[in-house]
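One-based numbering, in listed order, for ligands and for the atoms of each. Note that the structure is predicted; figures quoted are calculated from it, not measured. If you read the sequence from its start, that first residue is 1, and numbering goes on from there.
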Amino acid sequence: MNEPSTYEPMLIVMKPSATAREVGAVVEIIEAIGFRAHPMPGATRTAIGITGNKGPIDGRRFENLPGVAEVIRVTKPYKLVTRDLRPDKTIVRAGDAAIGGEELAIIAGPCAIENRDQALAVARIVQQSGARFFRGCVWKARTSPYTFQGLGDEGWEILTEIREAFGLKIVTEALDEAGVDLVEQHGDVIQIGARNMQNYSLLKCAGRSRLPVLLKRGMAATLEEWLLAAEYIMAEGNYNVVLCERGVRTFAQHTRNTLDLASVPAVRRLSHLPVLVDPSHGTGAAYMVTPMARASVAVGADGLMIEVHNQPDRALSDGAQALTPEQYLSLVAEAHAIRGVARSIINQSPSATPSPGLVTAA
Ligand code: PEP
Ligand code: MN
């Protein structure tokens with residue numbers, strides 16, 4: 001049998017002229033035969049991803065339905081994160097704040113919520129910088145069980161207060177499934193940490209949430225493993241996923257992790273999802289954070305995650321990589337300036353639109 005392509009369709013591309021009713025009819029058929037349909041409206045057309053198929057699907061049954069332009073076989077292991085499904089970039093929204101749009105997204109705050117005074121002092125600086133997102137962990141996934149594990153329940157009240165008082169969107173980590181519920185109550189974006197990138201039950205749980213998910217790259221994750229982790233979230237129906245490069249473990253000793261900035265264009269080539277860079281965990285050293293943040297923006301990151309502390313030398317976790325408020329404020333100003341220059345250059349560059357790498361059924 002030399003024709004597997006006709007039996008492995010995973011993606012149905014609708015015509016630009018297809019009506020909502022035609023899209024709905026295709027979705028209905030996919031569901032009626034026991035699969036899950038993931039319609040993704042784009043700027044020019046809607047594509048419908050299919051998951052949940054345990055065996056082959058005969059794509060020819062879809063080809064002649066009204067509004068269908070083509071049936072595409074996705075040969076990559078991921079189906080929903082790919083630009084094949086959605087050539088336009090996804091903009092992830094948290095209320096009136098966005099990641100992946102025109103504006104560089106800044107997520108900043110302390111490593112951990114330590115106490116009310118510390119968290120509010122840092123939140124004030126974050127708001128002053130014009131950033132829309134405040135980060136801060138209520139629980140910490142620490143390498144040693146004997147180091148500060150996070151403030152616990154009081155931390156949620158502090159985050160709620162910051163959200164209301166400063167109008168900042170709260171990005172905070174869910175370490176487990178109960179954590180997803182708590183972030184849903186008190187936060188705006190669920191962070192999945194590097195150590196949990198392949199915690200598949202947690203990924204599925206976040207995939208059932210209505211909140212956007214910020215998925216950090218695992219400490220030793222390949223690009224494909226990282227994208228497949230995002231796929232787990234999306235396969236559950238949550239398409240609001242933001243990727244965050246935070247460095248990987250290498251032999252290097254001059255940094256905590258090796259920040260892989262090449263992952264930004266690599267993600268961009270394969271996926272429609274926005275990608276951020278975290279130069280704080282990516283380097284582990286405050287003096288490197290600003291230079292690597294500049295580079296991150298220049299390479300095309302959609303935003304930055306930055307750790308900042310009102311008193312870095314007293315921080316209960318990650319003090320060595322925390323910026324002072326002054327350092328942080330100048331970083332943000334520089335980042336916006338570089339973003340402006342980079343966008344005007346990139347917009348004129350012929351290589352601005354990488355090939356989406358479509359694999360079309362013959
Ligand atoms: C964090 O952002 O607080 C964190 C723990 O980062 P990572 O999961 O990337 O180590
Ligand atoms: Mn940290």
Problem - Protein contact of atom 9 (O) of ligand 1 - nearest heavy atom, named by residue and atom, plus distance - result: R246 NE, 2.6 Å

Practice task
Let me know which of L259, L331, T255 forms a side-chain contact (heavy atoms from CB on, under 4.5 Å) with P279.
Solution key: L259

Handout entry: R195: numbered ligand 1 atoms lying under 4.0 Å from its heavy atoms
Key = 7 (P), 8 (O), 10 (O)

Practice task
Could you tell me whether C111 and ligand 1 have an N or O pair separated by under 3.5 Å?
Solution key: no

Practice task
Look at atom 6 (O) of ligand 1 and say which protein heavy atom is nearest, naming residue and atom and giving the distance to 0.1 Å.
Solution key: K216 NZ, 3.0 Å

Exercise for the section: Determine whether any heavy atom of C137 lies closer than 4.0 Å to an atom of ligand 1. Expected result: yes

Exercise for the section: Would you tell me whether R294 and T290 have side-chain atoms, one donor and one acceptor, within less than 3.5 Å of each other? Expected result: no

Fill in the blank from the handout: protein heavy-atom neighbour closest to atom 4 (C) of ligand 1 works out as H281 NE2, 3.4 Å

Problem - Minimum side-chain heavy-atom gap F134-I113 below 4.5 Å - result: yes

Handout entry: Donor-acceptor contact below 3.5 Å, side chain Q321 vs main chain D318
Key = no

Practice task
For the residue pair T258 and D260, confirm or rule out a side-chain donor-acceptor distance under 3.5 Å.
Solution key: no

Exercise for the section: To the nearest 0.5 angstrom, please state how far the CG atom of L211 sits from the CD atom of Q185. Expected result: 11.0 Å

Practice task
Ignoring hydrogens, just give me the one of R135, E173, E245, M305 whose non-hydrogen atom is nearest atom 2 (O) of ligand 1.
Solution key: R135

Exercise for the section: Compute whether any side-chain donor of one residue and acceptor of the other, for T160 and E157, lie under 3.5 angstrom apart. Expected result: no

Completion exercise
Ignoring waters, protein N/O/S atoms under 2.8 Å from the Mn ion (ligand 2) are C111 SG, H281 NE2, E307 OE2, D318 OD2

Problem - Under 4.0 Å to a heavy atom of G193 - the qualifying atoms of ligand 1, by number - result: 8 (O)

Problem - Reported CG-to-CD distance for the pair L304 and E245, which is rounded to 0.5 angstrom - result: 12.5 Å

Practice task
Could you tell me whether ligand 1 has any atom less than 4.0 Å away from a heavy atom of K140?
Solution key: yes

Practice task
Starting from atom 8 (O) of ligand 1, locate the nearest protein heavy atom and write down its residue, its atom name and how far away it is, to 0.1 Å.
Solution key: A194 N, 2.7 Å

Handout entry: Donor + acceptor pair across side chains of E307, H281 (<3.5 Å)
Key = yes

Exercise for the section: Could you verify whether a donor N or O on one side chain and an acceptor N or O on the other, from H309 and E114, lie under 3.5 Å apart? Expected result: yes

Problem - Between Y328 and E326, a side-chain donor and acceptor under 3.5 Å - result: no

